[in-house]
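Have a look at the structure below before the remarks.
Just so we're on the same page: letters track the sequence lines, and every chain starts at 1.
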Number of protein chains: 2
Amino acid sequence: MVKPSLLQVLKELALLGGIENKIEISSMELARQIQTSQQTASRQLLELDAQGCIIREMGIKKQRIQITERGVDQLKQEYAAYQQIFALPDTIHFTGSVVSGMGEGRYYTEQRGYADQFKEKLGFVPYPGTFNVEIEQVEKNKLKILRSYKGIMIEQFTAKHRTFGGVQCFHAAIEHQPVVLVLPLRSHYSKILEFISPEHLRKSLDVDDGDAVAIVIQL
Amino acid sequence: MVKPSLLQVLKELALLGGIENKIEISSMELARQIQTSQQTASRQLLELDAQGCIIREMGIKKQRIQITERGVDQLKQEYAAYQQIFALPDTIHFTGSVVSGMGEGRYYTEQRGYADQFKEKLGFVPYPGTFNVEIEQVEKNKLKILRSYKGIMIEQFTAKHRTFGGVQCFHAAIEHQPVVLVLPLRSHYSKILEFISPEHLRKSLDVDDGDAVAIVIQL
DNA sequence: ATTACTAGGAGGCGAGTAA
DNA sequence: TTTACTCGCCTCCTAGTAA
């Protein structure tokens, strides 16, 4: 990973057209652009060169610099991060590890009140039980964003003298396999994400407790 | 201006949803995200706070962080730079200072062969002479990009036993006043940009030699 | 648990200068 | 003119630890 200050230099070179063309720029000129000394500019060019982010043709008067594919990749990665921030994304990504629930998932998914709505609004009756993934503490912040979206609403209902709460659902993918995220409207602030699917996910994903999985939520 | 490493931290907070929400994150968790020590994470949060880029609610257990408007502005600025790089822009920006030509501009603009084509392809006959702006050495790199676009082509012609070369034209603006950039196909690599306009630009812009002007070229 | 201070050390910076 | 080395300085980092 290239360090932030070098990325700034690379960005400056890209703004001057260094992705498409070889650009002519002396270390002194570059120093002015990035508000530093000629020595630092020179050293940073050497570092970028050493890391394979740029190639240089050293002329007798001026050097000609072009950004390499690797350099462009670094910039694209940064651009992608900013797109996630500002280009209101249609997906939210999590990573987490598979955990076992305590069997309550099965109790809930088998309630007719839920199962009938799943069939109607999602198009399938879930395999009994939920597939549980524990996320990092920091990623709980993203859950707040998720809750601000409507998703697919499963209404609350009453059965056996108790009330079963409403549920927010989102189409999602775990390791590219389509699933549905189930977010109870109550019991906020859990670190466990619960998923349902027509299939037995533990088997079809071939995972076990502790395995890391990549999750993409569709908004 | 906030330093690059702090911007990285701000970006990370934004990715966790810190623009919309107050996010809960300990300095230790942040340290893991940005691959540094708890102490550095803590210090960087203090710096971002001091610079007014974030506000913090210090709880007894965890702090709650939200990015301020100023913080968002910093990120947007960075995003804009990357858009310039990757989202193939429809404008190119220059800054330069007004200079006097040596009167040759007048000789050329008054040639019928040029004037007729200007009238036909640009819709006006230029005020005699060209308005000249000298750009920085580094910005000459952007000229290469410009030359790769077609622009509006003024064809070469022969008169008085000599050939007058073809010219590439671009709609542009100097300090928001519409003008046309004239780029001779020969005589590359000049630091002087020549502009024409139906008006007397020196007068209507109220500028003199040495004055700095901002230029936007329309591609 | 937290956050954040202090102290000491690593590394980045620019002045001077060689090639 | 260039680029880029050495060297001294100073910032920034992390470990230890207080609150």
Worksheet item: Can Glu136(B) and Arg32(A) be counted as an ion pair, charged N to O under 4.0 angstrom?
Response: yes

Worksheet item: Would Arg202(B) and Asp211(B) pass as an ion pair if we require N to O under 4.0 Å?
Response: no

Discussion item. Under 4.0 Å from a heavy atom of chain B: give me the 5'-most and 3'-most nucleotides of DNA chain D that qualify.
Written reply: dC12(D) to dG16(D)

Item to complete: Starting from P on dG11(C), measure out to CZ on Arg43(A) and report it in whole angstrom.
Response: 13 Å

Item to complete: Taking salt bridge (charged side-chain N to carboxylate O under 4.0 Å, His left out) as the test, write out the residues that go with Glu110(B), two or more places apart.
Response: Arg106(B)

Fill in: Non-neighbouring partners of Thr130(B) that pass side-chain contact (heavy atoms from CB on, under 4.5 Å), sequence neighbours left out
Thr109(B), Asn132(B), Glu194(B), Ile196(B)

Worksheet item: Residues in salt bridge (charged side-chain N to carboxylate O under 4.0 Å, His left out) with Arg70(A), at least two apart?
Response: none

Discussion item. Less than 6.0 angstrom from the centroid, inside 45 degrees of the normal: does Arg162(B) satisfy that with respect to the ring of Phe164(B)?
Written reply: yes

Worksheet item: For Val179(B), does its backbone N or O pair with a side-chain atom of Ser197(B) as donor and acceptor, under 3.5 Å?
Response: no

Fill in: Gln111(B), CD atom: more than 12 neighbouring heavy atoms under 6.0 Å
yes

Worksheet entry | Ser26(A): side-chain contact (heavy atoms from CB on, under 4.5 Å) partners, not counting sequence neighbours | Met28(A), Glu29(A), Lys62(A)

Fill in: Sequence-distant partners of Asp73(B), salt bridge (charged side-chain N to carboxylate O under 4.0 Å, His left out), two or more places apart
none

Practice prompt. Would you mind building the protein contact string for nucleotides 4-9 of chain C? One character per nucleotide, 5' to 3', B for base within reach (heavy atoms under 4.0 Å), S for sugar-phosphate only, - for untouched.
Written response: BB----

Discussion item. Suppose we screen for side-chain hydrogen bond (donor to acceptor under 3.5 Å, both in side chains). Which residues come up paired with Gln63(A), at least two apart in sequence or across chains?
Written reply: Arg56(A)

Item to complete: Please work out if Glu47(A) contacts a base, only the sugar-phosphate, or nothing of the nucleic acid, heavy-atom cut-off 4.0 Å.
Response: nothing

Worksheet entry | Euclidean distance, atom CZ of residue Arg64(B) to atom C1' of dT2(C) [Å, nearest integer] | 16 Å

Worksheet item: Taking DNA chain D as the partner, which of residues 1-19 of chain B come within under 4.0 angstrom of it by heavy atom?
Response: Lys3(B)

Worksheet entry | Overall bend - the helix from dT2(C)-dA19(D) to dA19(C)-dT2(D), comparing terminal axes fitted on five pairs, nearest 10 degrees | 40°

Worksheet, complete the sentence: The ring pair (Phe, Tyr, Trp, His ring centres under 6.0 Å) partners of Phe170(B) (sequence neighbours excluded) come to none

Worksheet item: Could you give all pairs that pass the salt bridge (charged side-chain N to carboxylate O under 4.0 Å, His left out) test and reach residues 75-102 of chain A, with sequence neighbours left out?
Response: Glu78(A)-Lys11(B)

